[in-house]
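Here the structure is laid out as structure tokens; the discussion comes afterwards.
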Protein chains: 4
Amino acid sequence: MAPKRVDRAARREDILDAAVRVFARRGFAATRIEDVAAEAAIAKGSVYLYFDSRDALLRAAFERVAARSERLAAAAARPGAPAVERLAGMIRGAVAMLAAEPDLARIMVDLWSTGRARPGTPAEPAAAPLDLAEVYRGYRSLIAGLLAEAGREGDLRPGLGGPEATVVVAAIEGALVQWLVDPEVPFADLAEPIVATCLDGLRPRPAG
Amino acid sequence: MAPKRVDRAARREDILDAAVRVFARRGFAATRIEDVAAEAAIAKGSVYLYFDSRDALLRAAFERVAARSERLAAAAARPGAPAVERLAGMIRGAVAMLAAEPDLARIMVDLWSTGRARPGTPAEPAAAPLDLAEVYRGYRSLIAGLLAEAGREGDLRPGLGGPEATVVVAAIEGALVQWLVDPEVPFADLAEPIVATCLDGLRPRPAG
Amino acid sequence: MAPKRVDRAARREDILDAAVRVFARRGFAATRIEDVAAEAAIAKGSVYLYFDSRDALLRAAFERVAARSERLAAAAARPGAPAVERLAGMIRGAVAMLAAEPDLARIMVDLWSTGRARPGTPAEPAAAPLDLAEVYRGYRSLIAGLLAEAGREGDLRPGLGGPEATVVVAAIEGALVQWLVDPEVPFADLAEPIVATCLDGLRPRPAG
Amino acid sequence: MAPKRVDRAARREDILDAAVRVFARRGFAATRIEDVAAEAAIAKGSVYLYFDSRDALLRAAFERVAARSERLAAAAARPGAPAVERLAGMIRGAVAMLAAEPDLARIMVDLWSTGRARPGTPAEPAAAPLDLAEVYRGYRSLIAGLLAEAGREGDLRPGLGGPEATVVVAAIEGALVQWLVDPEVPFADLAEPIVATCLDGLRPRPAG
DNA sequence: TATGAATGAGCATTCATTCAT
DNA sequence: TATGAATGAATGCTCATTCAT
């Protein structure tokens, strides 16, 4: 019975893996349950043994995106180092992580639009409304915390907060978007320019 | 002999306006032709008097987004001022324009996902593939030009180029995304933080 | 007022001409009112000033086919000549007439199928059920009459009647079908083989 | 693990049977997929599990008609007997076969009109253009062969060929048309009159 | 549990017909 | 009378979901 449960979970995970690949390739809207089943090499009906509905699959994919942001936050928590360095590290980590999992990244973009309103559910708030906003709030407050801390440590200006945190997150997400829209954009290489621009700006460096 | 007179172009524009509103509200994928018709207060079939297909409507919406970027570029061309100021002006202009037309902004996000693969058209090259990449390339090269010019003028570091242009565009688009996902984010107010962060960075300002 | 009526009738005729051409070209099922209007170089709505409905147009086209058969019958009535000759003349006349008006011929084929059941009218007997059967009955009884007469005159076997009349009509209509399906078939040249086959058969001719 | 077992080919055949019945009853143009589904006592969508499109259904029906002509040809090939007898046998066989399957016969009439131009497909070459012409060419060349052979055997006139073959085919098809248009016409009983008329003509039989 | 056949609601699109001008 | 814009019912086809095996 225990092994059964493990099998079940593993199977579910396999299907979700497949779904993520297909979602990334064709987008949510264009992905049919049958595509997912085919990618997972199972029968269409079997998908429903592990997920209640197409929507549930979408939600599970969302969970993965959200979970990744948790991991990222956890990575940033590494204490000991000065906050600026942790900030820079977090930017680099985020870029690396997104670059390493382009499928999840692509799905996130889909979530930006899908998160808004789902087909077929014009009225109902769709149980949990797929709260992408929360994910970004988490990012921002994490970064705002680092900014404040670095301010206190004297490595960044004091008084930095929400707006600047938004800009930092924006630099990452915006670079991601450009890459997804145009694969020529070297996303993975943009970590340093982002760090440099955000921390030092684009003005000529003072002599020091 | 007295044919009913209708300003076809104006009517078409009305319908497109309606479509843009609905697309922004429900997303492309969830928008049915009937929704557009209802929003435009006409009958479903009438939409087809002005647009060949649902896809054509989508394309026309894309054209609007693309056209807006043209306007933006034109605005930035205002010569006379130093390049840094024009850059800052462009950032402020972009933010103001996007904030003023949230519907088009929302559509752009849809385009990020839709641009990739369109449902139902796995084979056909889809005429013009809705080239959002081109729009961003335009933005980047425009900004890269300003960066180089400002570098020559001594207001920014020399040697700035593509990567930094990407970061500037990213800051804007990324802030937009956060606003769209979470209306609490004060997008319109982010113009200054973006300008300040990109130009001066977040480090403590040197005495001068 | 009189001239008005003439104009009206002429206009109606123009439209019917156009309809016949389009029906012949695309078939009833595939012909839209707009096609007819375009062929007649008038506006779509104007068709309805002269015909109550699409169906009325179809009926009017049928009338033409029926009217032609009347003309044919009249031509055959030319008395004086022996019945066999009038029969042969009628066959030749029918072939010539059909060959000369392929559009009407094509429409007749459409009527064979359409006469059966009309789209949208599954129940109602459709007023006058477009009685093609009557047309053929007319042909057959005309020919049966000639056969009997020629029998009496000693030029054909006595006792010929309905079945043989059907075969004669069949030879003409069947040749027509083959021509319409395959333009290579030299319909106009088939009058003689039809006459020869029907009158003399295919067996070797006796010495006389 | 115990998949629902269904004889796909048989099911497909069932649906095609239903389609043929409905096509015969209402005509192609007036037949909606839903009619076919209802006749087959399945749901509308299920039709698409076995046929790609409405057009595919039509084509499959055509195949049946074409296949029947093959069977007919094969039957005529029965060697041993003199060619005239085989010819007469073929005429009788064709009439019997058509009379026995009036649905297919009715469909053939629809094909005569449909074969010309298909609605909705003004551009595409429609894969195999539903080549009814080929079917009739087959019939004619088969019969022309028998005529020539019978000529050599002295049972028919020498020199008979294409035109006469066309007339023989015409007699059959034309009789069919009259029956379909008017059920009073005793098609099945027309085999003998056709044979007699074509072989012996309508003239008085010479003493022998 | 796995399958895939079956279902039917849903949607894009077409087109006969109406009607304001 | 002529026009052609507007309408909306009709219909082909798709696809999420169910269910018998």
hbond_proxy D/Lys44 side chain to E/dG10 base (donor-acceptor, 3.5 Å cutoff): yes
Round to the nearest Å and state the distance from [X] atom [atom1] to [N] atom [atom2].
| X | N | atom1 | atom2 | result |
| --- | --- | --- | --- | --- |
| A/Glu34 | F/dA16 | CD | P | 9 Å |
| B/Phe51 | E/dT14 | CZ | P | 15 Å |
| B/Phe28 | E/dA12 | CZ | P | 14 Å |
| D/Leu57 | F/dC13 | CG | C1' | 13 Å |
| D/Ile15 | E/dT7 | CD1 | C1' | 13 Å |
| A/Asp14 | E/dA2 | CG | P | 11 Å |
| D/Arg12 | E/dG4 | CZ | P | 20 Å |
| A/Arg32 | F/dT17 | CZ | C1' | 15 Å |

For [N], take OP1 and OP2 only and decide whether either is under 4.0 Å from a side-chain N or O of [X].
| X | N | answer |
| --- | --- | --- |
| D/Ser46 | E/dA5 | no |
| B/Arg8 | F/dA5 | yes |
| A/Arg11 | E/dT1 | no |

Scan C/Leu57, C/Ile15, C/Ile107 and name whichever one has a side-chain contact (heavy atoms from CB on, under 4.5 Å) with C/Val20. C/Ile107
Using the side-chain hydrogen bond (donor to acceptor under 3.5 Å, both in side chains) criterion, which residues pair with C/Asp14? Sequence neighbours excluded. none
Suppose we screen for side-chain hydrogen bond (donor to acceptor under 3.5 Å, both in side chains). Which residues come up paired with C/Asp103, at least two apart in sequence or across chains? none
Answer yes or no: is there a donor N or O on one side and an acceptor on the other, between the side chain of C/Thr31 and the main chain of C/Gly27, under 3.5 Å? yes
Side-chain donor or acceptor of B/Arg8 paired with backbone N/O of B/Leu49 under 3.5 Å: yes
Please pick, from E/dT13, E/dA16, F/dA6, the nucleotide with the shortest atom-to-atom distance to any side-chain atom of B/Arg54. E/dT13
Ranking F/dC15, F/dT17, F/dT7 by distance to the side chain of A/Ile33, first place goes to F/dT17
On DNA chain E, more 5' by nearest nucleotide between B/Ser53 and D/Leu49 is D/Leu49
By nearest heavy atom, map C/Tyr48 and D/Gly45 onto DNA chain E; which one lands nearer the 5' end? D/Gly45
Within the structure shown, what part of the strands sits under 4.0 Å from C/Tyr50 by heavy-atom distance: base, sugar-phosphate, or nothing? sugar-phosphate
What does F/dA20 pair with, Watson-Crick or G-U, if both distances are under 3.5 Å? E/dT3
